[in-house]
A.B. asks: 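Quick one: structure below, then a few questions.
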Amino acid sequence: MRYQFIFAALVSTALAYPSKRDNIWIEPSCEDRRSPCPMVNTLANHGFLPRNGLNISMSDLVTAFNDSVNLASSATQLVGAKALTTSSTSNTTFNLDDLDKHNIIEHDGSLSRADIFSGDNHSFNPAIWASVAAFFTEPTISIATSAAARKARLAAAAAVNPAFNLTADGAQFSFIESALYQSVFGDAVEGNAVTEWVNVMFREERLPYEEGWRRPSQELTIAGILGLVGKIAAASV
Ligand code: HEM
Ligand SMILES: *[C@@H]1O[C@H](CO)[C@@H](O)[C@H](O)[C@H]1NC(C)=O
Ligand SMILES: *[C@@H]1O[C@H](CO)[C@@H](O)[C@H](O)[C@H]1NC(C)=O
Ligand SMILES: *[C@@H]1O[C@H](CO)[C@@H](O)[C@H](O)[C@H]1NC(C)=O
Ligand SMILES: *[C@@H]1O[C@H](CO)[C@@H](O)[C@H](O)[C@H]1NC(C)=O
Ligand SMILES: CC(=O)N[C@H]1CO[C@H](CO)[C@@H](O)[C@@H]1O
């Protein structure tokens, strides 16, 4: 009876966490490399990407983003191609901290990181994230709220950084990043990401399985993401 109970508990735990056993969350060690992207870091912390953050290929990215969040291969490849150019030692792989390289993908005015001018363009910054998360007062984040939070963060970053320089590409990435968290943790068309899930990803770099999140059943496509970019941009004027 007792064993039956334990067995049932194990089965229900396995069902509650649909990821492979290899994909449990483990805090990175100080030798493990990480990036300025909270989602890429999250995938490394779950072992979808190499946990040490080293020697990541395009095929590693495509498999990891498909398996974890159902991001279309074409979408991963678009940003992955940029990521590969950040490595100074290889044309076919990069290390996660190579992504710190400024104005390839990394840009000023991040939602959770300081600008490169401050000397740390990489680490999660609790005070900056708190200033953004202060906009998220509801259980879900509407497109209008996403837009307002992003716009306020860009203004605050520009106000304290005399060298503030968000290029056209950087501005586009910044919109895409808001669209991505909306797609993964909300609806691919309407947004409305679950505030708690977004907070877990930014603060803990963990997929919020325990909080009820599941891999989206519909593939996240470039067209879908750009659709949300358009809506967030329209709500930003
Ligand atoms: C579902 C997929 C993804 C999601 C949800 C996501 C999410 C995000 C978010 C929300 C940010 C903004 C962080 C901030 O402003 O503080 C960000 C930044 C970044 N992402 Fe991702 N990302 C995804 C895929 C990728 C991929 C495939 C790459 C490249 C391999 C990448 C590279 C970066 C980099 C370099 C930044 C830093 C930009 C900056 O804020 O300066 N991301 N990502
Ligand atoms: C994408 O991930 C799903 C779920 O893990 C898997 O069944 C499918 O084979 C993957 N597709 C590719 C192209 O890797
Ligand atoms: C990367 O590719 C370029 C051009 O094809 C080549 O000149 C360079 O040697 C390559 N670098 C590495 C580290 O493989
Ligand atoms: C970006 O941030 C990292 C981590 O703090 C730091 O090592 C690096 O020097 C920064 N880049 C620049 C150019 O300041
Ligand atoms: C902003 O950054 C871009 C890309 O690094 C650079 O080409 C441009 O000159 C910079 N603008 C200013 C005003 O520094
Ligand atoms: C097999 C391989 O490419 N190893 C490389 C992984 O990344 C480290 C750090 O950049 C390199 O030193 C290795 O050569």
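Note that ligands are numbered from 1 as they come in the structure, with each ligand's atoms numbered from 1 the same way.
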A.B. asks: Among all protein heavy atoms, pick out the one at the shortest distance from atom 39 (C) of ligand 1; state its residue, atom name and that distance to 0.1 Å.
C.D. replies: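 Residue, atom and distance for the closest contact: S110 OG, 3.1 Å.
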
A.B. asks: Tell me, do L61 and F94 make a side-chain contact under 4.5 Å, heavy atoms counted?
C.D. replies: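 Touching, per the 4.5 Å side-chain cut-off.
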
A.B. asks: Honestly curious: do L154 and I176 fall in one hydrophobic cluster under the side-chain, below-4.5 Å linking rule?
C.D. replies: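 The answer is no; the residues belong to distinct hydrophobic clusters.
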
A.B. asks: Examine R113 relative to F124 and say whether NZ or CZ is less than 6.0 Å from the centre of the six-membered ring and inside a 45° cone about the ring axis.
C.D. replies: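 Geometry flag: not set, cation outside 6.0 Å or 45°.
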
A.B. asks: Would you call F185 and P208 a side-chain contact if the rule is heavy atoms closer than 4.5 Å?
C.D. replies: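 In contact.
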
A.B. asks: Let's go through N103 and D169 carefully: what are the C-alpha distance in whole Å and the side-chain angles of both, what is the deciding distance for side-chain contact (heavy atoms from CB on, under 4.5 Å) to 0.1 Å, and is it a yes or a no?
C.D. replies: CA-CA 8 Å; N103 281 342; D169 278 359; over 6 Å; no

A.B. asks: Give the residue and atom name of whichever protein heavy atom lies nearest to atom 30 (C) of ligand 1, and the separation in Å to one decimal.
C.D. replies: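 The answer is A83 CB, 3.6 Å.
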
A.B. asks: Does F65 belong to the same Ile/Leu/Val/Met/Phe/Trp/Tyr cluster as Y209, with side-chain heavy atoms less than 4.5 Å apart forming each link?
C.D. replies: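 In one cluster: yes.
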
A.B. asks: Nearest heavy-atom pair of P28 and N45: which atoms, and what distance?
C.D. replies: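 Heavy-atom minimum between the residues: CD-OD1, 3.4 Å.
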
A.B. asks: Please write down residue, atom name and distance for the protein heavy atom closest to atom 15 (O) of ligand 1.
C.D. replies: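 Looking only at protein heavy atoms, the one closest to atom 15 (O) of ligand 1 is L111 N, 2.5 Å.
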
A.B. asks: Going by atom type alone, with no hydrogens or angles, which donor-acceptor pairs under 3.5 Å involve a side-chain atom of residues 125-138 and a protein atom two or more places apart or on another chain?
C.D. replies:
| residue | atom | partner | partner atom | Å |
| --- | --- | --- | --- | --- |
| N125 | OD1 | A127 | N | 3.1 |
| N125 | OD1 | I128 | N | 3.0 |
| W129 | NE1 | N199 | OD1 | 2.8 |
| S131 | OG | I128 | O | 2.6 |

A.B. asks: Report yes if some heavy atom in the side chain of M58 is under 4.5 Å from a heavy atom in the side chain of Q77; otherwise report no.
C.D. replies: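 They are in contact (side-chain heavy atoms under 4.5 Å apart), so the answer is yes.
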
A.B. asks: Could you please provide the protein residues found below 4.0 Å of ligand 5 on a heavy-atom basis, arranged by chain and number?
C.D. replies: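 Within 4.0 Å of ligand 5, protein side: N103, N165, T167.
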
A.B. asks: Starting from atom 41 (O) of ligand 1, locate the nearest protein heavy atom and write down its residue, its atom name and how far away it is, to 0.1 Å.
C.D. replies: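 Going atom by atom, the protein heavy atom closest to atom 41 (O) of ligand 1 ends up being H107 N, 2.7 Å.
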
A.B. asks: In ligand 1, which numbered atoms sit nearer than 4.0 Å to a non-hydrogen atom of S112?
C.D. replies: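 Here the atoms of ligand 1 in question are 14 (C), 15 (O), 16 (O).
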
A.B. asks: Quick check on E211: does its CD atom have over 12 non-hydrogen neighbours (other residues, nucleotides or ligands) under 6.0 Å away?
C.D. replies: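 Count over threshold, so yes.
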
A.B. asks: Do any heavy atoms of T63 fall under 4.0 Å from ligand 2?
C.D. replies: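 No, that is not the case, since the closest heavy atom of the residue is not under 4.0 Å from the ligand.
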
A.B. asks: Between V184 and ligand 1, which residue portion shows a heavy-atom distance shorter than 4.0 Å: side chain, backbone, both, or neither?
C.D. replies: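 It is the side chain that touches ligand 1; the backbone stays farther off.
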
A.B. asks: Side-chain polar contacts of residues 220-237 - donor-acceptor pairs under 3.5 angstrom, sequence neighbours left out - could you list them?
C.D. replies:
| residue | atom | partner | partner atom | Å |
| --- | --- | --- | --- | --- |
| T221 | OG1 | G224 | N | 3.0 |
| K231 | NZ | V189 | O | 2.8 |
| S236 | OG | I232 | O | 2.6 |

A.B. asks: Provide the protein N, O or S atoms situated under 2.8 Å from atom 21 (Fe) of ligand 1; waters are not included.
C.D. replies: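 N, O, S partners closer than 2.8 Å: C37 SG.
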
A.B. asks: Please report the shortest heavy-atom distance between S68 and W213, naming the atom on each side.
C.D. replies: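 Of all heavy-atom pairs spanning S68 and W213, the closest is O-CH2, 3.3 Å.
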
A.B. asks: Is the closest side-chain heavy-atom distance between H46 and E205 below 4.5 Å?
C.D. replies: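 Not touching, per the 4.5 Å side-chain cut-off.
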
A.B. asks: Among F185, F202, F94, whose heavy atom sits nearest atom 10 (C) of ligand 1?
C.D. replies: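 Heavy atom nearest to atom 10 (C) of ligand 1 belongs to F202.
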
A.B. asks: So which protein heavy atom does atom 2 (C) of ligand 1 come closest to, and at what separation?
C.D. replies: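 Checked against all protein heavy atoms, atom 2 (C) of ligand 1 sits closest to F65 CE2, 3.2 Å.
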
A.B. asks: Between K82 and E106, is the closest basic N to carboxylate O distance under 4.0 Å?
C.D. replies: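 So E106 does not pair with K82 through a salt bridge.
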
